[in-house]
There are 2 protein chains.
Amino acid sequence: MSGTDPVCTEPPPAATRCGPVGHALARVGRLHRIAMGRRLRELGLYPGQELMMMRLWDCGPVRQSELIQSLGLDPSTVTKMLQRLEQSGHVRRGPDPADRRAVLVEATERGQALRTGVEDAWKDLESLSLGGLSAADGAELSRLLGLVAENLREETEEADGCAPGATVC
Amino acid sequence: MSGTDPVCTEPPPAATRCGPVGHALARVGRLHRIAMGRRLRELGLYPGQELMMMRLWDCGPVRQSELIQSLGLDPSTVTKMLQRLEQSGHVRRGPDPADRRAVLVEATERGQALRTGVEDAWKDLESLSLGGLSAADGAELSRLLGLVAENLREETEEADGCAPGATVC
DNA sequence: AAGATTACCTTGGTCGGCCAAGGAATGGGT
DNA sequence: ACCCATTCCTTGGCCGACCAAGGTAATCTT
């Protein structure tokens, strides 16, 4: 048994006083990411990459810019992540014949093979997270998180529009 | 106006199907972190550092191990973060006379000066996040997040105990 | 048709965060 | 007293994620 484990967070600092919900949010988000990361490691992925792969499983070959927008990530983040995923053989990149500056991305067989594993991991973690909650509570939580997400999204976007014709898939 | 802004996330991938709540959680957590990071930048801090500082404001000089445990972070993370905070003058580190392998950490005046700014930022973001929610909804959200946190914490800790005598402060 | 603007991606740098491994100092068992 | 286990911290490596800046290609303007 390894003695001291990280991730304890028991008595959080007085951030609780200034932003109880925000603090709980940050805390839960981190715990969720860690728990997910643990499952992903057995699959050979790092946390964050699974969302990228999910996107690639759903859509076929996709433009990198599409990934950037749908995942809401910085372009440079996507570039580097794809470079690593390419090197680990999960992803293939090639030029877009229709636009020579664009890059088309798709999952390799090796990447496809992870699909059920990743989806199971998500389902597993989902049920674990909601353990002890009634279905009604789950729905309520989902609803409230949606509202908060909307509030935060507005501030983050700060006027833009998020091009409507983007849901290509 | 910078044209393309990241962070859009509009139609999330089919992760929604496998773990709607988990996905919303990850999403909101990230948005919250980004929004907080924006406020912190004006104060000269990076996201994550503010929790460390809050802990230091509450307690006086603290052992590094205390920070590790209370924030639930990896020891190496804390070491590096403190090195940077020290270099930016927000924090001072010195030897613990009672235990020569330990390190005592405390906030400098410069670090203290950020306190109200950070707390205001948290309050501000909190009210923004909860905009449009009734007080009852806020409480409900808090309660549900607490439950989920508990579920996730159990898995993350995986048997340990989190030494009860740790709430020194 | 030439020039300015945009869109698409890279590179380089910095941070938070994790893991693995290692060096000191303390403490417990015999 | 001695040695072994534990605790406390550091270093190095790797990723996700951000920003800033730059290079190439398409598009819009005039």
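Proteins get letters first, then strands, A, B, ... in listed order; numbering begins at 1 in each.
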Colleague: What's the closest nucleotide to the side chain of A:Lys80 if the choices are C:dG12, C:dT26, C:dC15?
Modeller: C:dG12
Colleague: In this structure, how many angstroms lie between the C1' atom of D:dG16 and the CG atom of A:Leu85, rounded?
Modeller: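 One finds 11 Å between C1' of D:dG16 and CG of A:Leu85, rounded.
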Colleague: So, does B:Arg63 get its side chain near the phosphate of D:dC8, meaning an N or O under 4.0 Å from OP1 or OP2?
Modeller: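 Result: yes.
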Colleague: Taking for each residue the nucleotide of DNA chain D bearing the nearest heavy atom, is the 5' side occupied by B:Leu82 or by A:Thr77?
Modeller: B:Leu82
Colleague: When you measure from the side chain of B:Arg100, which nucleotide among C:dT10, C:dT26, D:dG16 comes out closest?
Modeller: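 Nearest to the side chain of B:Arg100 among the choices is C:dT26.
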Colleague: Taking atom P of D:dA17 as reference, at what distance in whole Å does atom CZ of B:Arg38 sit?
Modeller: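 So the two atoms are 17 Å apart, to the nearest Å.
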Colleague: Of A:Arg33 and B:Ala102, whose closest DNA chain D nucleotide lies nearer the 5' terminus?
Modeller: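 Going by which nucleotide is closer to the 5' end, it is B:Ala102.
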Colleague: Given atom CG of B:Leu73 and atom C1' of C:dG16, what is their separation to the nearest angstrom?
Modeller: 9 Å
Colleague: Write down the distance between CD (A:Gln49) and P (C:dC18), rounded to a whole number of angstrom.
Modeller: 17 Å
Colleague: Do B:Ser76 and C:dC19 share a donor-acceptor pair, side chain to base, under 3.5 Å?
Modeller: yes
Colleague: Does B:Gln64 place a side-chain N or O at less than 4.0 Å from the phosphate oxygens OP1/OP2 of D:dT10?
Modeller: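 So the side-chain polar atoms of B:Gln64 do come within 4.0 Å of the phosphate oxygens OP1 or OP2 of D:dT10, strictly under.
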Colleague: Check this one for me: any side-chain N or O of A:Ser65 less than 4.0 Å away from OP1 or OP2 of C:dA7?
Modeller: no
Colleague: Charged N to carboxylate O under 4.0 angstrom, A:Glu106 versus A:Arg93?
Modeller: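 Salt bridge absent between A:Glu106 and A:Arg93.
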Colleague: Can you measure B:Gln83 atom CD to D:dC9 atom C1' for me and round it to whole angstrom units?
Modeller: 10 Å
Colleague: Please report the distance, rounded to the nearest Å, between CG in B:Leu51 and P in C:dG16.
Modeller: 12 Å
Colleague: CZ of A:Arg41 versus P of C:dC19: gap in Å, rounded?
Modeller: 6 Å
Colleague: Centroid-to-centroid, A:His32 to A:Trp122, below 6.0 Å?
Modeller: yes
Colleague: Got a second to check how far B:Glu119's CD is from A:Arg17's CZ, nearest 0.5 Å?
Modeller: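 One gets 5.0 Å once the value is rounded to the nearest 0.5 Å.
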Colleague: If we count only N and O atoms by modelled type, under 3.5 Å, do the side chains of A:Ser70 and A:Arg55 hold a donor and an acceptor together?
Modeller: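 Short answer, yes.
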Colleague: Go through D:dT10, D:dG16, D:dC18 for me and flag the one nearest to the B:Arg30 side chain.
Modeller: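 Closest nucleotide to the B:Arg30 side chain: D:dC18.
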Colleague: What distance do B:Leu73 atom CG and B:Met52 atom CE have between them, rounded to the nearest 0.5 Å?
Modeller: 6.5 Å
Colleague: Please state how far atom CE in A:Met36 lies from atom C1' in C:dG17, giving the value in whole angstrom units.
Modeller: 18 Å
Colleague: Is any side-chain N or O of B:Arg93 closer than 4.0 Å to OP1 or OP2 of D:dT10?
Modeller: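 Checking D:dT10 against B:Arg93, a side-chain N or O does come within under 4.0 Å of OP1 or OP2.
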Colleague: Does B:Arg101 get its side chain close enough to the base of C:dT26, under 3.5 Å, for a donor-acceptor pair?
Modeller: no
